[in-house]
Amino acid sequence: MPYLKTYLKTIADRGNVRLAESISQTAEDVGNQHIKHFSFCSHEIGLLFGNVQSGKTGQMFGIICKAADMGFPAFVLLTTDNVVLQQQTLERVKADLQGFCICGENDSGLFIENRLMQPAIIVLKKNVRILRLWANVFASTGFMKGNPLFIVDDEADAASLNTLVNRGRQSSINKYLDSIKNGSSSSIYLQVTGTPQAILLQTMASGWHPYFTYYFAPGNGYLGGDFFFPKNETADCISYLETIAKPERQVVLHHLAVSGQVLATGGSTCNCLIHPSVRQAVHSRYERAVKAELDWCVQFIDDDFKTELEKEYQGLNPQKSQKADFDVVYACARGLVLNGGVKVLVMNGKNDVASEEYSVGSNIVIGGNTLGRGVTFPSLHTIYYTRTSKKPQADTMWQHSRMFGYDRDAGMMRVYIDEPLYKLFSDINATNNSIIAQVENGTDHIRIFYPQGLNPTRANVLDNKKVFMLSGGTNYYPFNPENDSIEALDNLLAPFGEDELSYQVNLRLMKEIFAHVISDEDFDIKSFVSVLDTILAEQPAAQGILIVRRGRDVAKGTGALLSPNDWNLGASFTNQVVLTMYKVTGRKGWNGRELWVPNIKLPNNTVYYDVVDADETEV
């Protein structure tokens with residue numbers, strides 16, 4: 001049975017022809033580039049990287065079908081530890097994929113009875129008890145001892161990684177995932193996420209760093225990071241809280257205006273999301289504030305409310321429906337307010353809210369961590385984001401950004417956020433784009449960078465002995481350098497005399513200079529070259545500053561290489577890579593001979609993360 005062809009027909013027959021085309025491309029690319037060359041006698045890890053809420057599930061299903069076409073008889077599909085999400089995923093597998101033996105967590109009997117006659121898909125949540133159970137099932141049946149296993153781990157950075165790496169132990173979920181994949185004769189473990197920071201910062205020795213990475217672009221109509229956080233500008237849909245006297249009222253009014261437009265033009269639901277801190281007391285405070293604003297709407301329903309609603313209405317520019325007359329929108333919003341038609345829902349550890357409750361009507365949802373992975377809000381057009389953290393993590397912040405998706409109308413979106421928080425999100429989006437550019441350019445070792453104060457991920461999944469940081473604005477130079485050819489460096493640097501204090505050069509020239517420098521581990525040249533590659537992936541003609549000095553009578557080991565004037569000159573370039581090349585005389589150390597010594601300074605206020613394994617210079 002041609003599994004991929006059958007699945008694509010199912011998607012196309014539902015009217016999603018473009019989605020079917022996207023899934024086909026992803027499945028064929030991953031199949032031909034990676035699965036096709038699988039040896040069926042090894043254990044390999046890959047990464048499928050897509051934007052948050054951009055349709056990863058369909059892409060995962062396509063890859064499963066392609067792998068089944070290429071001879072894989074058993075699949076494990078992992079979800080986060082959420083009962084509802086696991087059940088939803090199981091039902092979707094049953095609805096979308098034909099010709100498979102589909103097993104839930106309690107279907108070990110069905111799996112054993114099938115004996116891999118049909119390709120089996122087992123849908124499991126990442127829960128210690130469930131993973132232990134199925135590790136035992138696989139071991140006791142013996143089916144996997146002679147068969148390859150294909151594991152698809154949705155949100156692979158969330159719970160799968162070893163959270164005890166810095167304690168010299170292995171966390172339970174990580175241990176049982178290891179047991180499942182290593183219990184088969186061979187395996188491909190496909191990590192899937194929209195936030196790959198933690199995965200890319202794993203060491204090769206850990207067994208969880210991807211051998212390959214594939215990025216799939218979102219389809220038409222997707223509103224993502226570049227829509228909300230465009231480079232060097234503020235998106236039209238952004239309202240800074242610093243400029244709003246009564247933000248809760250503004251949020252309620254915008255939501256009611258959009259609700260009126262959506263419901264008056266045939267839509268079934270419209271949602272607003274308020275994302276404050278993780279504390280339940282704060283959620284309750286915002287709930288009271290929202291209800292007070294709804295009471296204000298009732299009190300001034302035909303005067304101030306109508307006037308303020310019309311101001312919001314004037315700012316709407318719907319792209320997916322004809323703009324309704326204001327009288328129609330007002331009548332709809334008026335009915336919602338007077339009849340209690342706006343539901344205020346609090347989602348947190350204390351209050352469970354089923355997706356059915358915000359899948360119809362006009363809703364304002366307030367919550368904390370429960371608004372993260374796996375939770376999708378249809379027709380979400382109003383976001384009030386006040387969440388802050390003393391130690392913000394890029395992947396957590398991005399996963400909590402439920403604003404992304406396909407069913408949003410660009411002309412009606414509004415995000416209420418303070419300016420520093422918007423800047424943080426913009427920085428995260430810039431790094432996401434850098435990761436994407438590196439993947440698409442085929443960069444072997446993807447590098448991650450963030451502003452100082454913004455961490456890429458939680459510290460407990462990163463090996464603190466192997467992950468290190470290169471800080472922008474800091475001068476780095478090797479203590480004990482060598483030149484593989486001083487003549488080659490002489491020729492490269494010949495055009496750059498001291499008649500000019502500094503030169504603007506292409507970063508590729510800096511890479512060529514580094515190719516002739518040898519250093520001990522105190523100055524990891526490969527890491528600095530990787531940073532240059534990271535910048536070049538996004539800006540192929542990226543420029544930096546080169547400072548060249550000859551005949552320098554500098555003593556080795558004094559703790560400083562640069563003269564005060566050159567230090568100040570380099571410091572004046574805050575947003576560029578600055579490479580200073582000193583040709584030392586060798587009269588004060590340096591083995592008594594002339595030598596070119598590099599000093600590099602990366603762009604200020606930026607931290608570049610790198611991973612080094614114990615048994616190799618760099619991964």
Side-chain angles (χ1 to χ4, degrees), residues 47 49 51 157 193-203 209-210 213 215 225-226 229-232 389 391-399 420 422-459 461-464 466-476 507-508 510-511 514 523-545 570 573-579 600-612 618-619:
L47 170 62
F49 169 36
N51 293 269
D157 58 313
T193 186
T195 48
Q197 291 89 336
I199 291 171
L200 294 173
L201 291 174
Q202 297 298 299
T203 65
H209 187 93
T213 299
Y215 168 74
D226 287 344
F229 311 107
K231 189 175 183 180
N232 298 326
S389 172
K391 296 182 179 179
Q393 294 172 187
D395 53 0
T396 299
M397 286 181 64
W398 207 244
Q399 283 290 352
Y422 183 78
K423 174 65 167 59
L424 274 181
F425 274 118
S426 297
D427 290 333
I428 296 171
N429 187 57
T431 293
N432 281 6
N433 286 339
S434 170
I435 294 171
I436 291 167
Q438 291 176 72
V439 172
E440 292 183 328
N441 285 353
T443 303
D444 289 333
H445 305 305
I446 296 166
R447 290 295 170 258
I448 295 172
F449 61 91
Y450 286 107
Q452 291 176 344
L454 177 62
N455 298 317
T457 187
R458 58 204 186 283
V461 298
L462 303 183
D463 188 337
N464 57 26
K466 309 291 177 61
V467 176
F468 70 96
M469 301 178 292
L470 297 171
S471 297
T474 300
N475 285 288
Y476 294 95
L507 295 191
R508 298 176 194 278
M510 293 187 185
K511 288 182 60 179
F514 274 129
F523 185 86
D524 189 349
I525 291 171
K526 288 185 178 179
S527 292
F528 289 109
V529 171
S530 290
V531 172
L532 300 181
D533 283 334
T534 300
I535 299 171
L536 286 166
E538 270 199 286
Q539 307 169 52
Q543 304 288 296
I545 301 299
F573 300 100
T574 59
N575 298 317
Q576 292 173 283
V577 177
V578 180
L579 177 61
I600 187 169
K601 183 178 76 70
L602 303 174
N604 287 18
N605 302 316
T606 303
V607 178
Y608 292 84
Y609 294 84
D610 205 356
V611 185
V612 173
E618 183 199 12
V619 299

Spacing of CG belonging to Asp226 relative to OG belonging to Ser426, to within rounding of 0.5 Å: 10.5 Å
Got Thr193 and Gln399 here, is their nearest side-chain heavy-atom distance under 4.5 Å? yes
In the structure I gave you, are the side-chain heavy atoms of Lys601 and Leu579 within less than 4.5 Å of one another anywhere? no
To the nearest 0.5 angstrom, please state how far the CD1 atom of Ile446 sits from the CG atom of Leu201. 10.5 Å
Atom CZ in Phe229, atom CG in Leu424: separation rounded to 0.5 Å? 10.0 Å
Evaluate the ring planes of Phe514 and Phe528, with Trp represented by its six-membered ring, and classify them as parallel (under 30°), tilted (30 to 60°) or perpendicular (over 60°). parallel
Over 12 non-hydrogen atoms of neighbours within 6.0 angstrom of CG in Asn575: no
Exactly one of Lys511, Lys526, Arg508, Arg447 clears salt bridge (Lys or Arg N to Asp or Glu O under 4.0 Å) with Asp533, and that residue is Lys511
So do Leu200 and Ile448 actually touch side chain to side chain, heavy atoms under 4.5 Å? yes
Is it true that a side-chain atom of His209 and a backbone atom of Gln202 form a donor plus acceptor pair closer than 3.5 Å? yes
Of all the heavy-atom pairs spanning Asn429 and Gly225, show the shortest one and how long it is. OD1-CA, 3.2 Å
What distance do Asn604 atom CG and Gln576 atom CD have between them, rounded to the nearest 0.5 Å? 11.0 Å
Looking only at non-hydrogen atoms, find the nearest pair between Val461 and Ala198 and report the distance. CG2-CB, 4.0 Å
Identify the two heavy atoms, one from Met510 and one from Leu532, that lie closest to each other, and give their separation to 0.1 Å. CB-CD1, 3.9 Å
Would you check if the side chain of Glu538 reaches a backbone N or O of Thr431 as a donor-acceptor pair within less than 3.5 Å? no
Separation of Asp157 CG from Thr195 OG1 (nearest 0.5 Å): 3.5 Å
Looking at Ser434 and Ala430, would you say the former's side chain and the latter's main chain have a donor-acceptor pair under 3.5 Å? no
Is the closest side-chain donor-acceptor distance between Gln197 and Tyr609 under 3.5 Å? no
State whether the side chain of Asp427 and the backbone N or O of Pro451 hold a donor-acceptor pair below 3.5 Å, judged by distance alone. no
In the structure I gave you, are the side-chain heavy atoms of Asp395 and Arg458 within less than 4.5 Å of one another anywhere? yes
Heavy-atom closest contact (Gly194 atom, Phe49 atom, distance): O-CE1, 3.6 Å
Which pair of heavy atoms, one from Ala537 and one from Gln438, lies closest together, and at what distance? CB-CG, 3.7 Å
Approximate separation, where rounding is to 0.5 Å, of Ile435 CD1 and Phe449 CZ: 8.5 Å
Under 3.5 Å side-chain donor-acceptor pair for Ser527 and Asp610: yes
Sub-4.5 Å side-chain heavy-atom contact between Phe523 and Ile600: yes
Does the side chain of Ile535 come within less than 4.5 Å of Tyr608's, by heavy atoms? yes
Give the minimum heavy-atom separation between Thr606 and Gln452, together with the two atoms involved. N-CG, 4.3 Å
